[in-house]
Structures are given as C-alpha cells and as structure tokens.
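All residue numbers refer to positions in the sequence shown, counting from 1.
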Amino acid sequence: MRTIDLKPDPLGHAAPITHVAFRPDGKRLASCSYDGTVLVWDTSEPARPVPLTRLRHRRLVNAAAWSPTAPTLLATASADKTVGVWRIPEHGRHRLVTVLARHTDDINSVAWMPDGRRLICVSEDGRATMWDTPTGALLAELGAHAAHCMMVSVSCEGLVATVGEDGMVAVGDPGRPATAEMRHYASSVEGCAWSHSGKLLAVARDDGVVNLLTPELDCLRTINVSTSAARSVAWADDDRSIVVGAYDGSLHHIDISGEPIRRTHDARLWPRSVAAAHGLIAAGSFWNAPHLLDFATGAELSAPGRPGHGVNALAVLSDGRLADRIPGRRLLAGCDSGSVLVLDADMDADAEAEAEAEATSGARLLPVSDSPVLSLAAGRDGIFYAGTYGGHVVRRSVRPDSGGTTVSAPLGAPVPSLALVGDRLVAGTYNGELIALDPETLAEVERGAPHAGSVKSLSAFDGGFLSAATDRTVAAGPLDDRATLWQHGNLVNAVAGLGDRVVASASRDHTVKVGLLAPPGTGGPRVANVQTLLGPDESVKCVGLLGDPDAPVVLAGSYDFGLYAWEVDWRDSVGTLASGRLVSTFRQGLSCMIPWDPDRMVVAGWDGRLLLVGREGRDAPVRELRSWQVDEVIERAGAAGRAAGDERVDALEYGQVAS
C-alpha cells in the first residue's frame, strides 16, 4: 500500500479536513484530513488554537474519537483499513499504543464504549465491529449494513447507533444483541449523535432532514434543515439544541423543538463533520485548519488561514482566437480554493524545460466562487462554466476584457458534474438531479428524471449525454429519455465517451467497465459488447478514452495512487484484461482527467500534480510526456503578477474572491 506523501503545511493540513473531534473537556481538538494526518490542537484559548502534534496514517483519515475515561487516549480511523490508538500526553511526544488491523475496508467512524476500553468501528463494507483496545483483540461483530456504514455513536448507557448509505439506522446493546432496533429511510443516512443524557438520537439524512429518535427508534421530531444533504450533527452541552452541518456550506443551529436559532455560512466550511464541547463548535474545512465558533452566539473565534489548490476538475478550451502566442489551447483546472487555474500549455514543446516554461509563463488563477470548484465545462470564445460545492453554476471568460461573471440561481446541492449538450448546459447535482440551463443566462430550462444518487460525472455523447451516479448506474440518452447501460457493484465515480460508440466507467468496486454500443438508429442506446477491466486495488476515481472506437485505450486513475491503461480488443476480453498495466504513480489519489487530443490525456491528482500522458502511434504504449506541479505554477504566476504590478495576485493566492 502506497503512503500519502504531501508537502506538510506547518500551520495546518495540506488537504481538506474530513473530521473534527473535541476531547471531553474541550481543551484539545483532533482534526483529520485527506492529507493522511491527524492534527491535535490546543483549544484552551479558542481564539488562538495551537497545533501540538501530528499523527500519520498511510491513507486519508476519516474520523477520530477521544476516550471518555482516559483523556490522553485518541482513536483514529483511516482509509488504510486500520484504526490507530494513540497516547497523547499533555506534554511530550505521542505514542502509538495499538493498531486495530483486521478490517477489510476503509474505516469511516469510531466511538468508545463508556468503559473507555472497548471501541466500536464501522467501515465501508457495512460492518460494525467491537474491539478491545489494550490487546487489539476483535471482540464481536455487532451487525452489518447493506451499503457503506458511515457513522457510529455510543450513548452514555452503552447503546450503539450506526447509520449507513442503505438508509438504515440501527441501535443495539452489545451485551444483548437480540434486542437491536432498526429503522429504514429512503435516503442515505450519514450522520448521527446521541444526546449527552442518552435519551435522544439525532440522525442526519441526505435529503436534508434531521430526525430526533428515542432509543427505541420512535421518531419524536422531524426537522427540515436544508435542501442539500444534512451530514453531521452535534449536541449542546445542555441537550437543548443541536448544530447540524449541511452540504449547503452552512452550520444550522436548531432548538430541539425544531425552531431554527441561526445559520452560519462560510464558503471555507466543509460541514462533513461538526463537534461541540464546553460552549464551542468545531467544523471541518476545505482550507488548512478547522473552524472554531462560540456555541451561544455563532461568532467566529478562529478560522483557517490558507486555501488548498487540490484539483477536482479539468477542461480544455480549444478556440483559435484565445491566444496569439499559443493558438487554441488552454487547460483549465478547478481547485478547492474556488479558483480556476488557466495554463497556456504548449504540449508539443520539444524539451521538458520548454514545456514547463510555456505552461507556467502564461498561468493565471481566476477567482470563480467562494467555495470549491467541483466541475468544469468548456464553451466557446474563451467562456467556461464551473459547478461549485456551494450549489451554483458560474459562467465566465478567460479573457480579461470579457465583461462580468454570471452565476446561476441555487441548484439546491453541490454540482459535481457539468456537460455542454447541444444548446444546453446540463448540471448534475449531489441530490441526483439533472438540470438543463441556458448557457448564456444560466436560467433553468428543464429537469430530467433524476438518478437515485449523486450524479458524479457527465459527458456529452451522441444523441445526448452520459451520466454516472452513486446509485451504481451508468446511463445515456437525452435529458427526458435516459437509458441505463449497465450497473457496477458499487457507486460509479466517472464516465467517458469516445465517438458515438464507446463508453467507459470507473467505480468504487475497484473496476472499470468499457462498452461498445450498437450502431445508432437501433432504438436508443444499447450495449453490444461490455468488458470489465481489473488492476486497481482501491476505488477507481476517474476514467478516459484515447485512440479510435475500433481499438481504444482506456485510462483510469485510482485511490491507490495509480494511473492504469488497457488496450481494448473487442474480440478478446481476456486479451484486454491482460493488457492492463500501471503507467504512473502519484503521491495521493487521482482526481480527474481530460483528453488533450485523440492520443494524449491530461491527468490530475490530489497531490497537485498535472501529468500529460499519451502514445506515439497506434501500437505504442501509453507513457508519461510532461508533468507540472500546481502549487509551483501558482507560485510562479503570482511572482510574475506582482512583478508586473497586478494587485489582484496576492488576493488570489490566498483564496479571497471579490464580490
């Protein structure tokens, strides 16, 4: 298993923060991150949190939990399939006490039993397990979900609550497994928290609803929090109110009667996690440090200082009028900072040094949104479109004299996918909706039949577009007449097309599928030949196609940090499978890719690397051609801008977006 190798940020994390956990006394906070580390902060002075120590896993860290009886014990849960139990003294170095390592999938959440000895772990494979932390022994299987188990919470009475993407809420006493209660919802449930008294369980649902349940899972109250997913929940010290983190980029403070108290919005927030203790609120962030707020007033006490420029989306602008120096080619990279990096990239330069100089000398960082850019689509005449975590689509130009920026009305959820389809711009949302917008005004034109899960990827295709979603399906066709091409064994992260016949998809089931469609005019999209490709050891995040439909090359990037290639032989699926090989490795998972031309692909990783790969001739293997590092490009672009007297550069470097 490869280890994350990101350049550390001395003041915080080098990637978005996935989880926050207060020590019971509120004087220590653990923050977990995509950078594979846990930072322990001294929060005794909340206005000036101080990072004390950094713990490391081999992969991203999903959660942490402090022992209720031993204030120096911290458990951390990672995608490296282990849970670490650490001793964190008030002063001096931390020590790894034990590693719980018989898990079969990523660990999503951990919670201590009241005795401070036993630990409950839940994972992507749906299992909930109980462990003895001093010995590292597996004590029991507590149950299983039909899909990813996302969160666990343990009451003061020792009742274990688990929730999952299958919509199930389960509550049980490990000492009396036959007494377990279950409740099912139509939507995924990814957050839960017991009140301090243990009398109420709050569950946060993907449809934006929070339910307050009894230990017997009777519903006492239903609270409509947001049009976007409610993802995390924490209780006030007196159990009279809750704070809910939602994917509208807000923290919602709500009385347990259901009455809203306040809403705190900050574009830097990633409310995938929220914690509360001793009058403080902590929340995750897309930036380098957690947010700390006063529970009573919602006032910001401290906030992160630097954005990250992790790349989530790529697009290629190809219009001959875009640049005099390099006709018709600009690469766009949408970043966590809410900016889009524009590279005037001469991919045909003869030498690596020339390519680097060409790619960075004209680089610019354009402010697009006050929240991360999740998706991109390239238009004409320098126009591009960005889908944001904040739930908007933004239209702007790379040309400095192009006029203003157009922002759509809120779409109700983050926008992880975009595609220009004929005279419409189609947006896929986290809520599973497919929404057609006017490309000029961004006014809504039409809505199609939704997926039953987040629309992770869209791609223009003959007669309409392709879509991939967390409901495990790949679909094709126009907005009003979608046809399912195939299903994966788990959520589908990406889809790509080649010509009007070939489709490829990447899934969390560790596979890639590539299909040849029947000729047009045979009654809608229909699969004539489909092959399953193996190679990655983890979830496959992105996919692309090179070459021609008769003999395409499939490229795919994985959470195992590898870029893979397969040469497709439609007559020999075994031969295709055997052709699979590792092209390159990154220092973190791969995030996205985009064709540069029929034989070359640009690939991005969460380590900030941009890589051009391709082949020279139909029979030649795919290999690395060029490489750039996003942070270095931005740094050089900023230095050049300051030298030229561009006052906008400093603001862009630190992620501030003008209104």
Side-chain angles (χ1 to χ4, degrees), residues 375 416-422 424 426-429 432-436 447-536 539-557 564 566 568-571 573 576-577 592-595:
S375 53
S417 51
L418 284 174
L420 270 171
V421 182
R424 294 182 177 183
V426 178
T429 76
E433 294 180 295
L434 293 168
I435 304 170
R447 292 193 178 222
H451 276 272
S454 173
V455 183
K456 302 279 281 185
S457 178
L458 296 173
S459 180
F461 199 66
D462 184 66
F465 60 95
L466 305 168
S467 57
T470 59
D471 63 7
R472 307 184 181 188
T473 66
V474 175
L479 190 69
D480 57 354
D481 187 19
R482 309 293 294 154
T484 298
L485 299 180
W486 55 71
Q487 287 190 332
H488 276 270
N490 210 316
L491 64 86
V492 190
N493 283 310
V495 65
L498 180 64
D500 61 357
R501 299 285 307 281
V502 182
V503 178
S505 57
S507 170
R508 200 194 176 279
D509 66 9
H510 303 188
T511 73
V512 174
K513 288 185 183 290
V514 58
L516 181 67
L517 302 190
T522 58
R526 182 172 60 83
V527 180
N529 186 336
V530 64
Q531 298 183 9
T532 299
L533 311 179
L534 305 178
S539 175
V540 191
K541 173 61 178 172
C542 52
V543 69
L545 289 157
L546 293 177
D548 60 77
D550 291 332
V553 173
V554 180
L555 291 172
Y564 298 84
W566 298 264
V568 177
D569 185 339
W570 295 117
R571 300 163 299 178
S573 59
T576 299
L577 188 60
C592 50
M593 59 178 64
I594 191 79

Is the shortest side-chain heavy-atom distance between [X] and [Y] below 4.5 Å?
X      : Y      : result
Trp570 : Pro549 : no
Ser505 : Trp486 : yes
Ile435 : Val426 : no

Taking atom OG1 of Thr470 and atom CZ of Arg508, what is their separation to the nearest 0.5 Å? 12.5 Å
With rounding to the nearest 0.5 angstrom, report the CG to OG distance, Leu418 to Ser459. 12.0 Å
With Asp471 via side chain to side chain donor-acceptor pair (under 3.5 Å) - residues at least two apart: His451, Thr473
Identify, with sequence neighbours excluded, every residue that meets side chain to side chain donor-acceptor pair (under 3.5 Å) alongside Thr429. none
Treating [X] as the side-chain partner and [Y] as the backbone partner, does any N or O pair qualify as donor plus acceptor under 3.5 Å?
X      : Y      : result
Arg482 : Ala475 : yes
Ser573 : Gln531 : no
Asp462 : Asp500 : no

Measure across [X] and [Y] and return the closest heavy-atom pair with its distance rounded to 0.1 Å.
X      : Y      : value
Val492 : Lys456 : O-CG, 3.4 Å
Pro416 : Ser454 : CG-OG, 4.0 Å
Gly544 : Ala496 : CA-CB, 4.0 Å
Leu458 : Ser467 : CD2-CB, 3.6 Å
Ala556 : Val512 : CB-CG2, 3.6 Å
Lys513 : Thr532 : NZ-OG1, 3.0 Å

Go through Phe465 and Leu479 one step at a time and tell me if the side-chain contact (heavy atoms from CB on, under 4.5 Å) criterion holds. CA-CA 8 Å; Phe465 60 95; Leu479 190 69; 3.9 Å; yes
Out of Leu545, Val530, Val495, which one pairs with Val503 under the side-chain contact (heavy atoms from CB on, under 4.5 Å) rule? Val495
Among Leu498, Leu517, Val502, find the residue that satisfies the side-chain contact (heavy atoms from CB on, under 4.5 Å) test when tested with Phe461. Leu517
Go through it in stages, so that I can follow the logic: the residues are Leu534 and Tyr564, the test is side-chain contact (heavy atoms from CB on, under 4.5 Å), and I'd like the CA-CA distance, side-chain angles, deciding distance and then a yes or no. CA-CA 10 Å; Leu534 305 178; Tyr564 298 84; over 6 Å; no
Which residue pairs satisfy the side chain to side chain donor-acceptor pair (under 3.5 Å) criterion with at least one member in residues 539-550, sequence neighbours excluded? Asn493-Ser539
